[in-house]
Every structure is written in structure tokens, then in C-alpha cells.
Amino acid sequence: MEVIGDLPRELFLEILLRLPVESLMRCKCVCKYWYALISNPKFIELHLKYNCNNNVCVLLKRCLLTCLGERENMLSLVCSSGFSFINLDVDLSLYKKEPCLQLLGHCDGIICLSNYRDDIVLCNPATRESMVLPESCLPCYSSISNLIPQTSALGFGYDARTHHCKVVRIVSYWEERSGSGLPHHSRVEVYSLATGSWKELNVKVPAHVWYSPCFETYFNGAFHWYAIDDNRNEVILSFHMGNEEFQVIPMPSALSLYDYAMCRSLFVWNGRIALVIYPRKAIEKSFQIYVMKEYGVRESWTKILTIGPLTKVEMPLAFWKNDEILMEGSDGLVVSYNLKTQELKDLPIYGVPKSFATLVYINSLVSVKGGNRMLDGDNRGWVPQRYI
């Protein structure tokens with residue numbers, strides 16, 4: 001049997017698969033063999049699969065106040081063991097003091113961030129690798145003189161057909177003095193890590209994306225936004241990363257008309273889309289949770305439970321460990337609510353109120369520049385057959 005030092009090759013591989021990314025990055029400096037092994041696409045995939053099953057975290061974006069009173073963005077990882085958290089040392093100077101920094105999504109350890117103006121960045125917080133996407137392929141002006149272009153939606157997700165991540169961007173064109181509150185028209189473009197470039201899609205956007213806190217979600221191969229259709233009905237607009245088509249998903253029948261006093265947040269809970277409804281402003285807030293049991297079918301929306309009323313809680317942030325939900329407190333403190341025991345617990349995580357955003361996150365070695373796609377003929381020399 002072949003050995004690595006005094007260890008059999010299979011045991012050596014099992015040890016490496018359990019190491020965090022930071023340790024593996026240091027291991028790559030040991031020798032050429034270790035560097036080649038850890039850099040191999042097959043190992044990167046195996047390590048990702050292991051973390052998907054064992055080391056799922058929550059990535060938390062928040063703003064902290066410096067001693068000069070300025071806001072500074074901070075990325076932190078919340079881990080399952082005792083709700084411990086660590087701050088990530090990611091060199092994103094462009095966004096350090098960006099007040100409108102948005103977390104757009106997560107895909108195989110890569111996150112997408114943007115200020116919704118000019119810049120979109122892909123970043124792997126574990127490897128500290130980042131890349132600014134090239135400029136949009138859409139012109140920054142409209143052929144109609146009185147229309148003003150504006151990025152109305154961004155999304156990030158995985159295309160299972162090409163095995164690469166994609167960014168989708170919707171640019172809406174608004175009339176300068178329009179009183180309708182809806183754009184004149186919209187255009188769509190997609191950036192693929194497979195090609196490293198943008199392309200415009202010849203598709204119609206069937207609803208208009210609107211802001212709602214903690215709503216934008218990737219699930220079932222598609223990215224989802226809160227939107228309003230032409231009849232002023234609330235809907236979920238989804239974009240499928242594979243076939244690059246839009247779909248309109250109806251809200252529960254009781255919520256079909258827009259109500260500014262209520263907020264809607266969208267999450268993935270127990271492998272299904274979950275919609276949380278709660279008041280925008282109230283001293284005590286109750287949170288109604290609906291689950292869509294059959295994806296895309298309006299009649300399958302089912303109200304599962306109501307949380308609260310709770311005091312000093314602003315909004316939900318993420319479902320966590322199936323029976324926990326992270327929430328933002330009104331004083332800038334993160335709290336955890338247990339769905340089974342109905343207990344609310346303060347966590348030692350603070351930030352500027354209403355600056356929080358979260359993603360369910362998995363550490364990985366996947367590169368933001370692509371090149372992680374596996375080639376079957378390249379992987380059989382170093383990995384035991386049972387891993388192939």
C-alpha cells in the first residue's frame with residue numbers, strides 16, 4: 001500500500017478533507033506534492049462536499065462604528081458550536097466603508113457583493129481571493145432621452161448544467177417625471193464564470209423587483225426577489241440560472257395586494273421556501289411563517305406557525321439548524337429564537353441597527369476565477385478509486 005510518510009494514502013486524504021481552508025492553504029506550502037493534491041479540482045470538490053455535510057455556517061455582514069464615528073463593514077462567521085463567531089480578515093478596501101454594501105448570494109464558498117451602483121465583486125472569504133467583475137455590457141444611457149437607467153436587481157447562483165456560478169443583473173429604465181412608480185422597461189444581462197464575460201438576454205422581465213428586507217434568496221437552481229406585477233399584486237420573481245428564464249411565483253392568497261405596513265422576508269427552511277410576514281413598525285411584533293410545500297404552486301402555501309409577539313426584535317435574518325432562527329434586535333444585538341422551546345437568547349454579536357445581512361455559508365477552496373471544473377482523466381493518479 002502506498003503511504004504518505006507513515007500514513008496510508010486514504011487516511012492521509014481523510015485527514016486533509018477535515019482540515020479548514022486556512023490550514024489547507026498553509027499545507028500547500030509544504031511541498032510540491034501537497035500543493036498539487038490540494039489544488040486538484042477533485043480534492044476541491046471532495047472538500048466542499050465534506051463541509052456541506054458537516055460545517056455549514058452563517059455568514060453575517062454588519063456595520064461597526066469606528067472611534068471616529070464612521071461606519072465600517074465587517075464580515076463574520078457564526079458557527080454551530082455554541083454560536084461562536086469569528087471575524088474574517090478579507091481585504092475588500094473598496095467596500096470597507098461602503099454604506100450600501102449588499103450580500104447578493106453564496107455559491108460553493110464564493111460570495112457576491114455589490115453597492116448596486118457600479119461594482120460587483122466575487123470573493124472567497126476563506127482563501128481571501130476576490131475579483132471585480134468587468135463592466136456591464138449594457139450602455140449606461142437609454143436610446144430614449146427621458147429615461148434614466150438604474151440597476152434594480154442583482155442575483156448570484158449556480159448553473160448545474162455548466163457547473164459554474166452566474167450573476168444576473170436587471171437594469172430598469174425610469175421616466176424622469178413618471179408618477180406610475182413602475183419602470184418604463186427593463187433589460188437583463190448575465191455574467192458567467194465559465195466565459196468570464198457578460199451577455200444580454202432577449203427576455204421580458206414579467207414583474208418589477210422591489211426592496212424588502214432579507215428577501216433575496218437562491219434556491220432550487222433559481223434566484224428569487226420580491227416584486228410587484230403590473231396589477232400591483234405582490235409576487236416572487238425568480239430567475240433560473242440554467243435555462244436563463246424568469247418565473248412569477250404567486251404569494252399566498254391572503255397577501256396578494258401590496259401592504260406597506262407589513263414586511264416580507266424569504267428564506268430556505270428544511271429544504272423549502274419559507275415566507276415570513278411581520279409588521280414594519282411595532283413595539284411588539286409577531287412573525288407569521290408560510291411554507292411553499294410544492295415549488296411554484298400557489299395553493300401549496302401553508303401557514304406553519306406564528307412566532308411572538310416579541311419585544312425588541314426587528315426582523316428575521318436566517319433559519320439556523322432547522323429549529324433556530326437568527327433575528328436582529330432593535331438595539332443592534334443579534335438574538336436567536338428556538339422554534340421548539342420558544343426561548344429567545346442574546347448572542348454576543350453587535351452592529352449598527354438595520355445594517356445586518358446574512359447568508360448560509362460553506363467554507364471552500366473554490367476559486368472566484370473559475371477553473372474548478374473537474375476533468376475525469378486528471379484525477380485518477382492521486383486519489384483512491386473509492387473517491388472517484
Side-chain angles (χ1 to χ4, degrees), residues 48-49 51-53 56-61 102-113 153-170 188 190 192 205-207 209-227 234-252 255 263-277 287-304 315-326 339 357-362 364 366:
L48 175 64
K49 286 183 178 179
N51 281 342
C52 286
N53 295 326
V56 178
C57 304
V58 169
L59 182 72
L60 180 73
K61 193 279 295 185
Q102 300 291 322
L103 281 176
L104 301 180
H106 163 258
C107 175
D108 292 348
I110 299 173
I111 62 173
C112 186
L113 308 101
L154 289 164
F156 181 61
Y158 182 72
D159 181 356
R161 295 193 303 181
T162 64
H163 304 289
H164 282 279
C165 300
K166 289 180 177 178
V167 177
V168 57
R169 178 172 180 251
I170 302 175
V188 183
V190 169
S192 172
V205 183
V209 176
W210 228 248
Y211 171 75
S212 191
C214 296
F215 197 96
E216 299 176 352
T217 299
Y218 174 77
F219 172 73
N220 201 34
F223 199 87
H224 302 76
W225 300 272
Y226 175 78
E234 295 180 84
V235 297
I236 299 172
L237 178 66
S238 71
F239 178 83
H240 195 277
M241 294 293 172
N243 59 28
E244 298 182 343
E245 294 180 352
F246 286 99
Q247 178 183 358
V248 172
I249 301 174
M251 291 281 196
L255 309 172
C263 289
R264 290 86 166 93
S265 296
L266 195 70
F267 303 98
V268 177
W269 182 34
N270 291 329
R272 289 174 174 165
I273 285 286
L275 182 68
V276 183
I277 314 297
F287 300 82
Q288 303 173 54
I289 301 178
Y290 292 79
V291 169
M292 187 165 52
K293 294 188 174 181
E294 186 176 351
Y295 183 78
V297 178
R298 182 179 197 170
E299 291 73 22
S300 72
W301 282 112
T302 305
K303 185 177 178 181
I304 301 297
M315 63 180 183
L317 294 174
F319 281 92
W320 179 237
K321 300 190 300 184
N322 294 333
D323 58 356
E324 297 270 352
I325 181 169
L326 297 184
L339 300 173
T358 58
L359 293 171
V360 176
Y361 177 77
I362 300 162
S364 84
V366 176

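All values below were derived from every heavy atom in this structure, side-chain atoms included, with hydrogens, water molecules and symmetry-related copies excluded. Positions are given from 1 along the sequence.
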Could you tell me if the side chain of [Y] sits less than 4.5 Å from the side chain of [X], heavy atoms only?
X	Y	answer
I236	F215	yes
W269	V276	no
K166	E244	yes
V360	F267	no
L113	L103	yes
L275	P252	yes
S238	Y295	yes

How close do [X] and [Y] get, counting heavy atoms only, and between which atoms?
X	Y	answer
W301	P250	NE1-O, 2.8 Å
L237	A207	CD2-O, 3.8 Å
L266	T217	O-OG1, 2.9 Å
C214	P316	SG-O, 3.5 Å
H224	F219	CE1-O, 3.2 Å
F239	V190	CZ-CG2, 3.8 Å

Gap separating the [atom1] atom of [X] from the [atom2] atom of [Y], nearest 0.5 angstrom:
X	Y	atom1	atom2	result
K303	Q288	NZ	CD	4.0 Å
H240	D159	NE2	CG	8.0 Å
F319	R272	CZ	CZ	13.5 Å
N51	I362	CG	CD1	7.5 Å
C107	M241	SG	CE	8.5 Å
M251	M292	CE	CE	10.0 Å

Strictly distance-based, threshold 3.5 Å: is any side-chain N or O of [X] a donor or acceptor partner for the main-chain N or O of [Y]?
X	Y	result
K61	A357	no
S300	R298	no
W210	E234	no
S364	L48	no

Plane angle bin for W225 and F246 - parallel if under 30°, tilted between 30 and 60°, otherwise perpendicular: tilted

With sequence neighbours excluded, residues passing salt bridge (charged side-chain N to carboxylate O under 4.0 Å, His left out) with K49: E45

Donor + acceptor pair across side chains of Y158, H163 (<3.5 Å): yes

Residue list, side chain to side chain donor-acceptor pair (under 3.5 Å) with H106, at least two apart or on another chain: none

